[in-house]
Amino acid sequence: MYIPAHFAADDAAVRELLARHGAADLITLTPGGLLATMLPFAYEPAAGDLGALYGHVARNNDQWRQPAQGESLAIVRGPDAYVSPSWYAATAEHGRVVPTWNYVTAHVYGQLLVHDDPAWVEDVVRRLTAKHEAARTASPGPESADRASAWSVDDAPRKFIEGQLRAIVGLELRITRIEAKAKLSQNRPETDIAGVVAVLAARGDDRSAEAVKRANQDRPAT
């Protein structure tokens, strides 16, 4: 990944992204070529030297059966948004501006391990469920119709859960290295940052607005 110094994500930002992200693209190089699956992961920082991502795929998904050659890759994404030059103060000042795209992403490389073990898979299912149910109930939105209490795996019949577990296979990406980038208008003047944050917030993209604000809050005064 091309990462200019001013867009490099620090360790704290990377940990937060891995802990809070939704779904990621898992890409493996196999004897038959590249395979990719989009799936949610749970981050376990205590696994191995650099942590691991835990997930699962359908048993009918052939990706878990194909031996991964070398490192596998999970592309993890944070907030992203188109940025219009019309939001910049610089547009009225001199007009030397162009559109861009703000985003946060991490390329997580590692050794892919397969866990065809119902107990291991159930633990991952519970981790993922708890993570995303907690996020859902913590911020349903002021006008949201989704006000149901958190769902638990134990709310479903045990035999049904056991059948579902037999239909999936666990995956662990044991992390070997991470390349992360937070491109959040750090190359723009402070007068332009205010416009970007204001419009993103007005459009309801609070995650992108907050990311831009945080990425630029500790900049040296100019």
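Under a cut-off of 6.0 angstrom, the local environment of CZ in R65 is crowded, with over 12 non-hydrogen atoms contributed by other residues, nucleotides or ligands. Around NZ of K213, the count of heavy atoms belonging to other residues, nucleotides or ligands within 6.0 Å does not exceed 12. The neighbour count for D49 CG, taken as heavy atoms of other residues, nucleotides or ligands under 6.0 Å away, does not exceed 12.
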Evaluation steps, side-chain contact (heavy atoms from CB on, under 4.5 Å), between I75 and L73:
CA-CA 6 Å; I75 300 178; L73 168 65; 4.0 Å; yes
Stepwise, does the side chain to side chain donor-acceptor pair (under 3.5 Å) test hold for T105 with K183?
CA-CA 9 Å; T105 188; K183 181 179 177 294; over 6 Å; no
Go through the steps to decide whether D192 and S185 satisfy the test side chain to side chain donor-acceptor pair (under 3.5 Å), and finish with yes or no.
CA-CA 9 Å; D192 289 348; S185 299; over 6 Å; no
side-chain contact (heavy atoms from CB on, under 4.5 Å) evaluation trace for R15 with L17:
CA-CA 5 Å; R15 288 194 296 271; L17 174 61; over 6 Å; no
Start with the C-alpha distance between T28 and T30, add both sets of side-chain angles, then the distance that settles side chain to side chain donor-acceptor pair (under 3.5 Å), and finish with yes or no.
CA-CA 6 Å; T28 56; T30 74; 5.8 Å; no
Stepwise side-chain contact (heavy atoms from CB on, under 4.5 Å) test for T37 and D25:
CA-CA 6 Å; T37 300; D25 294 310; over 6 Å; no
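Between R59 and W64 the shortest side-chain heavy-atom distance falls below 4.5 Å. Put simply, the side chain of L200 does not reach to within 4.5 Å of the side chain of R207, judged on heavy atoms. H56 has its side chain out of reach of L39: every pair of non-hydrogen atoms, C-beta onward, lies at least 4.5 Å apart. The shortest side-chain heavy-atom distance between H21 and F41 falls under the 4.5 Å cut-off. Contact check for Q186 versus I193: no side-chain heavy atoms found under the 4.5 Å cut-off. Annotation: side chain of Q63 is in contact with side chain of L26 (closest heavy-atom distance under 4.5 Å). A 4.5 Å side-chain heavy-atom check between P99 and Y82 finds at least one atom pair inside the cut-off. Counting only heavy atoms from C-beta outward, the side chains of W151 and T129 approach each other to under 4.5 Å.
Here the closest heavy-atom approach between residue D62 and residue Q66 is recorded as OD2-NE2, 2.8 Å. In terms of heavy-atom proximity, A47 sits nearest to A52 at CB-CB, 3.7 Å. In terms of heavy-atom proximity, S86 sits nearest to T91 at N-OG1, 4.3 Å. What you find for E16 and R20 is that their closest heavy atoms are OE2-NH1, 2.8 Å. Taking both residues in full, the closest heavy atoms of P85 and V97 are given as CB-CG2, 3.5 Å, listed atom of the first, atom of the second, then distance. The two atoms that bring I27 and A36 nearest to each other are CG1-CB, 4.1 Å, heavy atoms only.
Salt bridge status for E179 with R177: present, with a side-chain N to carboxylate O gap under 4.0 Å. At a threshold of 4.0 Å, the pair E71-R174 does not count as salt-bridged, since none of the basic side-chain nitrogens sits closer than that to a carboxylate oxygen. Look at R136 and E133 and you find a salt bridge, because one of the NZ, NE, NH1 or NH2 atoms lies within 4.0 Å of a carboxylate O, short of that distance.
V153 and F160 fall within the same hydrophobic cluster, where Ile, Leu, Val, Met, Phe, Trp and Tyr residues are linked whenever their side-chain heavy atoms come under 4.5 Å apart, directly or through other members. When the side chains of ILVMFWY residues are joined at heavy-atom separations under 4.5 Å, either directly or via intervening members, L112 and Y43 end up in a single hydrophobic cluster. By the rule that hydrophobic residues join a cluster once side-chain heavy atoms approach within less than 4.5 Å of another member, V124 and V169 end up as members of separate clusters. Linking Ile, Leu, Val, Met, Phe, Trp and Tyr residues whenever their side-chain heavy atoms come within less than 4.5 Å places V199 and V196 in a single cluster. Using a 4.5 Å cut-off between side-chain heavy atoms of Ile, Leu, Val, Met, Phe, Trp and Tyr, with links allowed through other members, I168 and M38 fall into different hydrophobic clusters.
Test R166, R127, R158 against E122 for salt bridge (charged side-chain N to carboxylate O under 4.0 Å, His left out) and you get one pass: R158.
Atom OG of S72 sits about 11.5 Å away from atom CG of L53, to the nearest 0.5 Å. To the nearest 0.5 angstrom, D205 atom CG is 7.5 Å from R203 atom CZ. The distance from atom OH of Y88 to atom CZ of R188, rounded to the nearest 0.5 Å, is 5.0 Å. Taken from CD1 in I175 to CD in E44, the straight-line distance is 10.0 Å, to the nearest 0.5 Å.
A donor-acceptor pair is defined here as one N or O able to donate and one able to accept, closer than 3.5 Å; such a pair exists between the side chain of N216 and the backbone of L184. With H94 contributing its side chain and R96 its backbone, the two residues share a donor-acceptor pair below 3.5 Å.
Using a 3.5 Å distance cut-off with no hydrogens or angles, the side chains of S208 and N102 do not pair a donor with an acceptor. In summary, the side chains of Y2 and K181 do not present any donor paired with an acceptor at a separation below 3.5 Å, with no hydrogens or angles considered. Between the side chains of D80 and W101, at least one donor N or O sits under 3.5 Å from an acceptor N or O.
The aromatic rings of W120 and Y54 lie perpendicular to each other, with more than 60° between the two planes, well past the 30° mark.
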